[in-house]
Amino acid sequence: MTKIWMPEIQSDDSPLYLSITKALAEDISSGKLQRDMRLPTHRELAYQMNVALGTITRAYIEAEKRGLIRSEGRRGTFVGKAKQDRSLLAQLTNVGSRMINFSHNHPSYADDPDILPVLKELAQSAASQRLLEYPPSPGFPDHREAGARWLAELGYHADPDSIIITGGSQHAFNIIIGGVTNREDILLTDIYTYPGMKAVAELYGIHLLGVNFDKEGMMPDAIETLCNQKSVRALYLNPTLHNPTSIIYSEQRRKEIAELAIKYDFLIFEDEILRPLVDNPPPFASDFAPDRSFVMMSASKTIAAGLRVGYLTAPPKYRQLVIDSLQTSILSIAPLCAEILTRWINDGTAAKVIARRKKEMISRQKAAIKIMGRYDILTNTNSQHIWLNLPDIWTGSQFAFEAYRRGVALTPSEIFAVRRDLPSNAVRISLASVANIEIMKQGLQIIASILEGTPLQDSATV
């Protein structure tokens, strides 16, 4: 049998897994272990050292966290960081078909509308030829009217002339930030927030400050404290089925935030992308401060993600600035996709698809609660995800790596955290994108087994 690497354990009071990690670091530093050398599998090393398999797994997780080693799935574990310094998020989201993937907050494509009928209608309509022309930058008038109609159904009444067609909410973030903020401006958001907003803020040089929250949303006194300390330009609000925690802001909390926006003269960027999944949600926060509020809505999570069509409203004072920003980014949105969404809104297809998604998510949440309900979770009956608070022995990254080794992809709390001093022992479990409810249950059982301390069973995943 080929001799495998064995750590030289120093006699101290450290947990054994940390002693193994330390020995690994010393052997790499001394040159005993060279970059790209293959390390023994978890089972091989556990057998040679006569220790529990879980001890080796924790040691390798800690070593990978420190950048000492990298896991390449079935190929094995190797000395050195991943090539090109791959981020944790990239590793977790670029998963193979063997994975049960809870890392993407994507809608179930099985519930997507049938696109063939609308394409046949377009092929038979002489008016469809206009869709090959340059549209006005905010979009064709009838497309904006459909957006206003959908927003009205969701409780927000906007003049169609105030609607701007965007390439989804992510594009809306970009053109708002590009249009009405300057580098070094301060933007408030939840302490855990949508990573897409973090990316846009970084791109434009905007400083994000995280606001503490309770079950009703961002806490007004925390907002006011920051406003008294800093010159705040805007606040990003994701108040209905908040990503990642699933909180629904109360009406009172939305009103208090709007009142603070007026008092301290900051703007509100309200992202209501998941609002269609909730029956009778509270009013928009923007209703309480319309002259300083931007509302973003998109078809991506509730109708069809691939259309890449969204709707943005901007106060009259800022509308042209946002349109100028849109023109700089993409001139205008492809009208063909906007036409498809317009027809689906007008003929009731969109409402039927949303109703199917609601029903599916209620079923998935009920099944998920049966498995995960005994743990420390935040969720909602209509939510597409679960926020799992972990025991103190885990960080989000460690837990996500352990789940990954067992064939399940999760998103750790570090991806969402705005502040570096935040506790990082949580993960988001996205339920919607898994192929079916039975596979979802299998994945949740694996997560539960990790929480219960059940050791790994399948050597192919280590």
ask   = Would you say Phe140 and Arg130 make side-chain contact, with heavy atoms under 4.5 Å?
value = yes
task = For residues Leu410 and Ala403, report the shortest heavy-atom separation together with the two atoms involved.
result = CD1-CB, 3.7 Å
note = In this structure, CD1 of Ile333 is separated from CG of Leu336 (nearest 0.5 Å) by 13.0 Å
task = Any chance you could measure Ile377, atom CD1, to Thr245, atom OG1, to the nearest 0.5 Å?
result = 12.5 Å
inquiry  = Assess the residue pair Arg357 and Asp112 against the criterion (salt bridge (charged side-chain N to carboxylate O under 4.0 Å, His left out)); give the C-alpha distance rounded to whole Å, side-chain angles, the decisive distance to 0.1 Å, and a yes or no.
reply    = CA-CA 9 Å; Arg357 293 199 190 282; Asp112 282 353; 2.5 Å; yes
query = How about Asp392: does its CG atom have over 12 heavy atoms from other parts shown lying under 6.0 Å from it?
reply = no
remark   = For His385 and Pro244, the nearest pair of non-hydrogen atoms, with its separation, is CD2-O, 3.1 Å
note = Value for NE2 (His242) from CD1 (Ile247), rounded to nearest 0.5 Å, stands at 7.0 Å
key: Val200 side chain reached by Ile206 side chain, heavy atoms, under 4.5 Å   = no
task = Could you tell me the separation between the NZ atom of Lys441 and the CG atom of Leu431, rounded to the nearest 0.5 Å?
result = 12.5 Å
query = What are the two closest heavy atoms between Ile186 and Leu209, and how far apart are they?
reply = CG2-CD1, 3.6 Å
key: CD on Gln252 to CD1 on Ile257, rounded to 0.5 Å   = 10.5 Å
Minimum-distance pair of heavy atoms, taken over all atoms of Ile273 and Thr302 = O-CG2, 3.9 Å
request  = Return the minimal non-hydrogen interatomic distance between Ala338 and Val309, and the atom names on each side.
outcome  = N-CG2, 3.8 Å
message = With side chain to side chain contact (heavy atoms under 4.5 Å, CB included) as the criterion, how do Asn382 and Leu274 come out once you've worked through the C-alpha distance, each side chain's angles and the decisive distance to 0.1 Å?
response = CA-CA 9 Å; Asn382 300 85; Leu274 292 173; over 6 Å; no
request  = Please check if any side-chain donor atom of Glu256 sits under 3.5 Å from a side-chain acceptor atom of Tyr249, or the reverse.
outcome  = no
query = Taking atom NZ of Lys358 as the centre, does the number of heavy atoms from other residues, nucleotides or ligands within less than 6.0 Å exceed 12?
reply = yes
request  = For residues Ile415 and Lys198, determine if any side-chain heavy atom of one lies less than 4.5 Å from a side-chain heavy atom of the other.
outcome  = no
ask   = Which side chain to side chain donor-acceptor pair (under 3.5 Å) pairs, counting each pair once, include a residue from residues 149-159, with sequence neighbours left out?
value = Arg149-Asn346
Gln320 versus Asp324, side-chain donor and acceptor atoms under 3.5 Å = yes
task = Measure the shortest side-chain to side-chain distance between Arg343 and Ser125 over non-hydrogen atoms and say whether it is less than 4.5 angstrom.
result = yes
query = For Phe213, is the NZ or CZ atom of Arg253 found under 6.0 angstrom from the centre of its six-membered ring and inside 45 degrees of the ring axis?
reply = no
query = Between Arg319 and Asp161, is there a side-chain N and carboxylate O pair less than 4.0 Å apart?
reply = no
request  = Considering only NZ, NE, NH1 and NH2 on the basic side and carboxylate oxygens on the acidic side, decide whether Glu452 and Arg374 come within less than 4.0 Å.
outcome  = yes
request  = Answer yes when Arg364 and Glu360 have at least one side-chain N-carboxylate O distance shorter than 4.0 Å, and no when they do not.
outcome  = yes
message = Would you say that more than 12 heavy atoms from the other residues, nucleotides or ligands in this model lie under 6.0 Å from the CD of Gln229, or not?
response = yes
ask   = Just wondering, do Leu237 and Met218 contact through their side chains at under 4.5 Å, heavy atoms?
value = yes
query = Do Asn101 and His106 touch side chain to side chain, with heavy atoms closer than 4.5 Å?
reply = no
message = Under a plain distance cut-off of 3.5 Å, with no hydrogens placed, do Glu64 and Ser71 share a side-chain donor-acceptor pair?
response = no
task = Under the side chain to side chain contact (heavy atoms under 4.5 Å, CB included) rule, what do Glu414 and Thr395 come out as? Steps first, then yes or no, please.
result = CA-CA 9 Å; Glu414 291 90 331; Thr395 67; 4.0 Å; yes
Distance in Å, Leu187 CG paired with Thr189 OG1, rounded so as to fall on 0.5 Å steps = 6.5 Å
query = Parallel, tilted or perpendicular: which describes the rings of Trp387 and Phe416, with under 30° parallel and over 60° perpendicular?
reply = perpendicular
task = Just grab all the side chain to side chain donor-acceptor pair (under 3.5 Å) pairs involving residues 232-241, residues at least two apart or on different chains.
result = Tyr236-Asp271, Thr240-Arg254, Thr240-Glu272
query = Which residue, Ile386, Thr411, Leu444, forms the side chain to side chain contact (heavy atoms under 4.5 Å, CB included) with Phe102?
reply = Leu444
Minimum side-chain heavy-atom gap Leu267-Tyr318 below 4.5 Å = yes
Closest approach of Ser325 to Ile175 (non-hydrogen atoms, all atoms of both residues) = OG-O, 3.0 Å
ask   = Can you tell me if CD on Glu202 sees more than 12 non-hydrogen neighbours from other groups inside 6.0 Å?
value = no
message = Would you call the rings of Trp394 and Phe399 parallel, tilted or perpendicular, taking 30° and 60° as the class edges?
response = perpendicular
ask   = Heavy-atom distance under 4.5 Å between the side chains of Arg405 and Ile61, does that happen here?
value = yes
message = Set out, in order, the CA-CA distance, both residues' side-chain angles and the distance that settles side chain to side chain contact (heavy atoms under 4.5 Å, CB included) for Thr379 and Ile369, then state yes or no.
response = CA-CA 9 Å; Thr379 192; Ile369 293 301; 3.8 Å; yes
